[in-house]
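Read the structure below first, then the notes.
Computed over heavy atoms, backbone and side chain alike; hydrogens, waters and symmetry mates excluded.
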Amino acid sequence: MPAATGFRIVAGRDADRPPAPRFAASGPTTELSERTHGVALWTTLLHLGAPDGAVARRGGKVTVLAGEIYNGAELRPLVTDDSPASDAELLLALFEVYDLHAFRLVNGRFAAFVLDGDRAVLATDHAGTVPLYATVAPGRVCAGTEAKALRNAGPGLLLPGSRPVAGLDGVHQVTAGSVLEVNVVSGAVRPHRTWTPPVHRRVMSESRAVDAVREALRRAVRTRLGDGTPLVVISGGIDSSSVAALAADASATKIDTVSMGTTESDEFPQARAVAEHLGSTHQEITIPTDRLIRRLPHAVGAAECGDPDIIEYLLPLTALYRELSGTGRRILTGYGADIPLGGMHRESRLPQLDSAVAHDMDTFDGLNEMTPVLSGISGHWTTHPFWDRDVLDVLVPLEAGLKRRHGQDKWALRAAMCDILPRETVLRPKLGVHEGSGTTSYFSRLLLDLEVPEQRVHAAKRQVTEEVFRAVVVDGRDPDEVDITDVVRRVAAARPAT
């Protein structure tokens with residue numbers, strides 16, 4: 001497991017000890033303080049029990065890392081250090097050789113902070129899967145993996161290369177695949193890009209495309225398994241089933257799988273067919289829909305997102321993670337495959353399909369769909385092989401005819417998995433997690449039953465999620481204190497006259 005899953009950092013020439021931050025993710029915290037080159041550094045690490053490897057120091061430089069690096073074996077020969085023991089030490093060794101260009105080399109799931117004299121370097125992974133927020137003012141730099149951890153950071157400057165967080169003055173989210181280089185004394189900021197979604201497209205034969213997809217995904221799954229028994233969330237669709245099949249193939253022992261449904265709907269038969277095919281230890285969890293909707297404040301607080309469509313995707317997963325027994329599980333999911341492969345689009349015309357993929361890759365950032373806080377609120381760590389940097393570098397550039405082919409969406413993936421999954425799984429049409437669990441239909445029915453006109457249901461959902469965002473992120477309330485039924489009723493009652 002990662003040495004740290006989150007952090008809050010305050011650095012400054014005259015920085016006093018800041019108040020303890022509040023995180024949505026659960027787990028022990030460790031407070032560290034030090035001074036280097038006249039700059040005071042206050043670090044709060046959120047972890048699962050072994051935080052020592054999250055911080056590295058050498059030559060007056062300090063590196064703090066939340067998350068993990070997946071291409072460490074490729075990176076270690078590039079540094080002169082003798083076998084860095086932790087990912088944070090590896091990152092610091094890379095930084096000493098490549099400076100901030102080191103982040104162009106790293107394939108991982110992380111947020112990082114490097115203090116080098118009066119210079120602070122804040123970095124996200126290529127896709128921002130561990131969100132990173134910052135508040136910068138002359139003489140003071142604050143960084144955190146949750147926006148709410150910076151609620152009391154004080155006023156801040158507008159930051160180039162980042163976006164303001166609604167309702168939190170001075171707090172900005174660092175753009176995915178970028179580095180902010182900050183002068184601690186002056187507050188001057190320079191943004192640098194380290195990765196952008198590919199815009200070119202590659203023409204390949206069917207067999208070559210299938211081999212490339214299979215091998216890239218196989219490597220991504222293998223590097224994420226860890227030492228324990230991995231747990232894979234499966235729905236019986238091609239995305240999650242592919243991850244489960246590759247995990248089972250790479251694991252020395254049986255993997256664990258879990259499927260979630262509600263009293264509204266489930267995909268248990270389809271998931272069960274995959275589990276039986278793989279021989280996994282399988283669990284089915286049914287969550288009553290009224291309990292599911294009560295988890296909405298937790299999903300909003302974890303994702304720090306007020307977009308109702310995104311929250312509907314994330315709500316079933318958040319609810320599932322809270323129902324899992326025990327803590328500290330490493331969880332793999334198939335979430336996110338639809339974005340680079342155009343899986344949510346039924347468009348058969350190839351220019352339109354490719355335009356949809358390009359748009360979705362340009363606009364995923366800031367929605368926090370893959371934030372580890374979703375499972376972190378229950379003490380788990382999730383990872384998403386389809387959003388591995390090398391996998392995206394294969395999937396996104398595939399020409400559209402390899403994504404929609406022979407009347408099938410995500411054709412290249414389906415063809416790559418046809419020899420290790422049941423035929424019915426490979427051919428099964430796409431169904432979103434929010435659809436398969438009945439989340440969308442139940443949320444809609446709540447509003448319709450309160451006489452919200454059908455044409456206003458989506459707008460009412462946005463009002464609900466935005467009000468919850470203000471409560472749990474901006475105001476810092478505990479999600480359990482937010483009565484979602486009361487919020488829904490209040491939004492319904494406030495509808496304009498028709």
Shortest non-hydrogen contact from Pro197 toward Phe364: CG-CE2, 4.3 Å
Exercise: do Glu31 and Thr44 side chains pair donor with acceptor under 3.5 Å: yes
Within-4.5 Å side-chain heavy-atom neighbours: Ser26 and Ile377: no
Check ion pair Lys410-Asp338 (N to O, under 4.0 angstrom): yes
Heavy-atom check, side chain of Thr383 versus side chain of Tyr70, under 4.5 Å: yes
His458 atom NE2, over 12 foreign heavy atoms within 6.0 Å: yes
No-hydrogen, no-angle side-chain donor-acceptor test under 3.5 Å, Arg109 and Thr129: yes
N/O donor-acceptor pair under 3.5 Å between Asp307 side chain and Ile310 backbone: yes
Main-chain N/O of Val179 paired to His192 side chain as donor or acceptor, under 3.5 Å: no
Over all atoms of both residues, closest heavy-atom pair of Arg22 and Pro479: NH2-CD, 3.6 Å
Side-chain donor/acceptor of Ser375 to backbone N/O of Tyr321, under 3.5 Å: no
Backbone N/O of Gly156 and side chain of Thr135: donor-acceptor pair under 3.5 Å: no
Donor-acceptor contact present, side-chain Glu304 to main-chain Glu146, <3.5 Å: no
pair Pro372-Pro131: side-chain heavy atoms closer than 4.5 Å: yes
Any side-chain donor near an acceptor of the partner, Gln352 and Arg404, under 3.5 Å: no
Polar contact flag, side-chain donor to acceptor under 3.5 angstrom, Thr382-Tyr335: no
Among Val221, Thr229, Thr223, side chain to side chain contact (heavy atoms under 4.5 Å, CB included) partner for Leu225: Val221
Minimum heavy-atom distance between Ala400 and Asp354, given as atom pair plus value: CB-CB, 4.1 Å
Any donor-acceptor pair under 3.5 Å from Lys148 side chain to Ala302 backbone: no
Thr175 side chain vs Gly161 backbone, donor-acceptor pair below 3.5 Å: yes
Minimum side-chain heavy-atom gap Gln173-Asn368 below 4.5 Å: yes
Arg428 (side chain) donor-acceptor with Ile238 (main chain) under 3.5 angstrom: no
